[in-house]
Amino acid sequence: MSLDLPGFADPVADAQSAFRALLDAMSRPGTIRAAGTALMPPAPLDAATAAVLLTLVDGDAKLHIGPDCAAARDWLVFHCGTDPCADPAAADFVVSTTLPDFATLSSGSDEAPESSATLVLQVEALGRGTAWRLAGPGLAAPATLVVTGLPADFAARWAVNHALFPRGVDLVLCAGSQLAAIPRTATVTEA
Amino acid sequence: MTGYNFAYLDEQTKRMIRRALLKAVAIPGHQVPFGSREMPLPYGWGTGGIQVTAAVLGADDTLKVIDQGADDTTNAVSIRRFFARTAGVATTTDTEAATIIQTRHRIPEKPLRDGQIIVYQVPQPEPLSKLEPSRAETRRMHALAEYGAMHVRLYEDITRFGHVAISYDYPVMVNRRFLMAPSPIPAFDNPKMHMMPALQLFGAGREQRIYAVPPYTSVESLDFDDHPFRTTRAPHPCGLCGATDAYVDEVVTDDRGGRLYVCSDTDHCETRRDAGHTGSESPDQEQAA
C-alpha cells in the first residue's frame with residue numbers, strides 16, 4: 001500500500017533544504033517557505049508535511065500520528081524509522097490535519113521547555129483564507145499569515161499556549177509544498 | 001568528497017542537532033542540551049560551532065569563518081578548509097557575500113543582513129557558571145528567571161571599580177526573559193546583537209548546549225539605570241586603515257614599547273584599505289615619511 005511510495009530522492013540534500021526552510025520559517029513567524037516540492041507522500045499527507053517529518057523524526061524522536069493521518073502510518077514508520085507513540089502527551093512531534101487541544105500535548109517543563117511537542121498541522125492552504133496577525137521575536141514589524149483550515153477560535157486557543165512561555169507547543173503549518181511556523185513566542189490576533 | 005557524509009556529520013546526528021536548533025529558536029536565549037559528537041579537532045577549537053554549521057550548511061551556501069575577527073588565523077583557516085573539503089561549499093572572507101558566518105569571539109563590523117546566519121563558538125554557555133557551579137541549580141534559576149545574583153555581581157564591580165569591569169562575555173537578557181552568555185565577544189559587540197536582522201545560533205561542544213536568538217529580537221546588556229551599559233575600545237585609530245569606530249587589537253611590535261593597533265575584523269580593514277583609507281602605519285605613509 002502506501003509503502004510503495006518513495007521518501008526523499010536525495011535524503012541528505014533534501015533533508016537539508018527542508019530543514020533550512022523550516023529554520024527560516026521558525027525564525028520569522030508567518031513566513032511561507034517551500035519544502036518537499038518533489039515528494040509524493042501517501043494520502044492524507046501533503047508534500048511539506050511529509051518533508052518536515054522526514055527531516056526531523058527518527059528513532060530518537062517520538063511521533064504521534066493523529067487518527068486522521070493513520071493511513072500514512074506505514075509510510076512514516078518505514079521512512080522515518082520511528083515507532084509511533086500512542087499517547088500525544090508523550091510525543092515530541094504530533095502530526096494531524098485537525099487542530100488538537102494544546103492542553104493534550106506536552107508543553108515541556110520550566111526547567112526543560114525544549115521538551116515540549118512540535119505540532120505539525122496540515123491545513124488546506126497557506127496564502128489564502130483567513131488572515132492572522134503575528135508579532136514577536138523574528139519579526140521587525142507584525143506580519144500577516146493567511147491560512148485556510150485553522151479554527152475560528154484559533155487566536156484564543158493560541159493565547160493560552162503562548163501564555164505558558166517559556167513552556168509551550170510550537171506549531172508548523174503545512175499545505176501542499178509550503179510551510180510556515182508559529183513558535184510559542186509569537187502572539188496571534190485576528191487581522 | 002569521498003569517505004564522509006556531506007558536511008562530515010551523519011544524518012542521525014544532524015537530525016538531533018536540527019531538532020535542538022528549532023527548539024532553541026522557539027525559546028530565545030534558552031540553552032537546549034544536545035548530544036555533542038567527537039569532532040576531528042579538540043574541544044575549545046569550535047566543536048560546538050562546527051556541529052551547528054554542519055547541521056545547517058547546504059551545497060549552495062557560502063561560508064565565512066572568523067577567529068577574533070580574522071579570516072586568516074589557524075582556527076579560521078582550518079575550519080573553512082574542513083567544510084570546503086567535507087561539504088564542497090564555497091568559502092569567502094567577504095562578510096557581505098557569506099550566507100553562513102561561523103565566528104569565534106567577534107561579530108563582523110559590517111552590519112549583518114536579513115537571511116544571513118551567524119554561528120558562534122561558545123566555550124561556556126552558562127552565564128551563571130561563575131556564580132553558581134551547580135548545573136541543576138542554574139537550570140532552576142533560569143526556570144524562575146532568578147537573576148539577582150548576576151545583578152549583585154555587576155553591583156560589586158561598581159562599588160569596587162566604579163564601573164562594570166566585564167570586557168567580554170558580558171551577560172545579556174534575551175527577549176526580556178533569558179539571561180544569556182553572548183560567548184566571549186567583546187562587550188563592544190553586544191549592541192550588534194540587539195534586533196540583528198540575521199539569525200544567531202550558538203554551539204557549545206564540550207558543554208553540549210545549543211541556543212539561539214531569532215532575527216529582530218531584543219538583546220539587552222545587563223546594567224543599572226544610573227550605570228547604563230557602555231562599550232569601550234582602545235582609544236586608538238587602526239594603524240592600517242585609520243578606522244576610529246572599529247574594534248582594534250593591540251599588537252606588540254618590538255621590545256622597546258612599540259605598539260600597533262589594528263582592526264580585529266580583517267575583512268573590514270581590507271575593505272577600507274581597498275577604498276583608499278590609510279592609517280599611521282600604512283606602507284605608503286612610511287614611504288612618504
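Just so it is clear: chains get the letters A, B, ... in the order the sequence lines come, proteins before strands, and each one is counted from 1.
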CG-CG distance between A/Leu56 and B/Leu21, expressed to the nearest 0.5 angstrom | 10.5 Å

Counting only heavy atoms closer than 4.5 Å, note whether A/Leu23 contacts chain B via side chain, backbone, both or neither.
-> both

At a heavy-atom separation under 4.5 Å, does B/Asp61 approach chain A through its side chain, its backbone, both, or neither?
-> side chain

Atom NZ of B/Lys110: over 12 foreign heavy atoms under 6.0 Å = yes

Note: A/Phe165 and B/Ala26 closest approach over all heavy atoms is CE1-O, 3.9 Å

Can you say whether A/Ser27 sits under 4.5 Å from chain B via the side chain, the backbone, both, or neither, judging by heavy atoms?
-> both

Engaged part of A/Ser109 at the chain B interface, taking heavy atoms whose separation is under 4.5 Å | neither

Compare every heavy atom of A/Glu114 with every heavy atom of B/Pro33, then report the nearest pair and how far apart it is.
-> CD-OE2, 3.2 Å

Can you name the nearest heavy-atom pair linking B/Thr217 to A/Pro137, along with the distance?
-> OG1-CB, 3.4 Å

Run through A/Asp58, A/Thr118, A/Thr55 and flag the one making a side chain to side chain donor-acceptor pair (under 3.5 Å) with B/Arg19.
-> A/Asp58

Residues B/Arg15, A/Asp60: salt bridge by 4.0 Å N-O rule | no

Region of B/Arg140 in contact with chain A, defined by heavy-atom distances below 4.5 Å | both

Interatomic distance, B/Leu144 atom CG to A/Glu111 atom CD [nearest 0.5 angstrom] = 7.5 Å

The interface call for B/His142 against chain A, heavy-atom contacts under 4.5 Å, is neither

Establish, from distance only, whether the side-chain atoms of A/Ser115 and B/Lys23 form a donor-acceptor pair under 3.5 Å.
-> no

Rounding to 0.5 Å, atoms CG (B/Asp114) and CZ (A/Arg28) come to a distance of 4.5 Å

